[in-house]
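What follows is a short report on a single structure.
We use all heavy atoms of the structure for the numbers below, so side chains are in, but hydrogens, waters and symmetry mates are not. Throughout, residue positions are numbered sequentially from 1 according to the sequence presented.
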Amino acid sequence: MSTAMNFGSKSFQPRPPDKGSFPLDHFGECKSFKEKFMKCLRDNRFENALCRSESKDYLECRMERQLMAQEPLEKLGFGDLMDGKPGRN
């Protein structure tokens, strides 16, 4: 009886992560933004609507450091917080 497996029969095909999946911030590049957002949530009994500005800042940090795909902030629900800034592509 042979216990060897034929690994060459199927090759692994990498694929990009699903939308909403993004790399972890291993180097803590956006840690200060995350901490401000989490503090806001704790201070406001986890009412995320009260912490939208902090959330926007955190997502902007992640996009600037390529920890998530670039998305227009309007598409992420922050159009009302743009302060005249042009949208991202």
(message) For the CZ atom of R52 and the CG atom of D80, what is their distance to the nearest 0.5 Å?
(response) 4.0 Å
(request) Examine distances only and state if a side-chain atom of R62 and a backbone atom of M68 form a donor-acceptor pair shorter than 3.5 Å. (result) no
(message) Please list all pairs meeting side-chain hydrogen bond (donor to acceptor under 3.5 Å, both in side chains) that have one or both residues in residues 23-43, counting only residues at least two apart or in different chains.
(response) K39-D43
(request) Check L41 against N48 and note the closest heavy-atom contact, atom names and distance. (result) CD2-CA, 3.7 Å
(message) Can you tell me how far apart CG (L67) and CZ (F27) are? Round to the nearest 0.5 Å.
(response) 10.0 Å
(message) Is there a side chain to side chain contact (heavy atoms under 4.5 Å, CB included) between K56 and L59? Walk through the geometry before answering.
(response) CA-CA 5 Å; K56 178 182 79 69; L59 293 175; 6.0 Å; no
(request) Determine whether L73 and L81 fall in the same hydrophobic cluster, where Ile, Leu, Val, Met, Phe, Trp and Tyr are linked whenever their side-chain heavy atoms lie under 4.5 Å apart. (result) yes
(message) I need the minimum non-hydrogen distance between S55 and F78, along with the two atoms involved.
(response) OG-CZ, 3.6 Å
(message) side chain to side chain contact (heavy atoms under 4.5 Å, CB included) for D57 and C61? Distances and angles first, verdict last.
(response) CA-CA 6 Å; D57 293 342; C61 177; over 6 Å; no
(request) Look at the side-chain heavy atoms of Ile, Leu, Val, Met, Phe, Trp and Tyr, link any pair under 4.5 Å apart, and say whether F37 and F46 land in one connected group. (result) yes
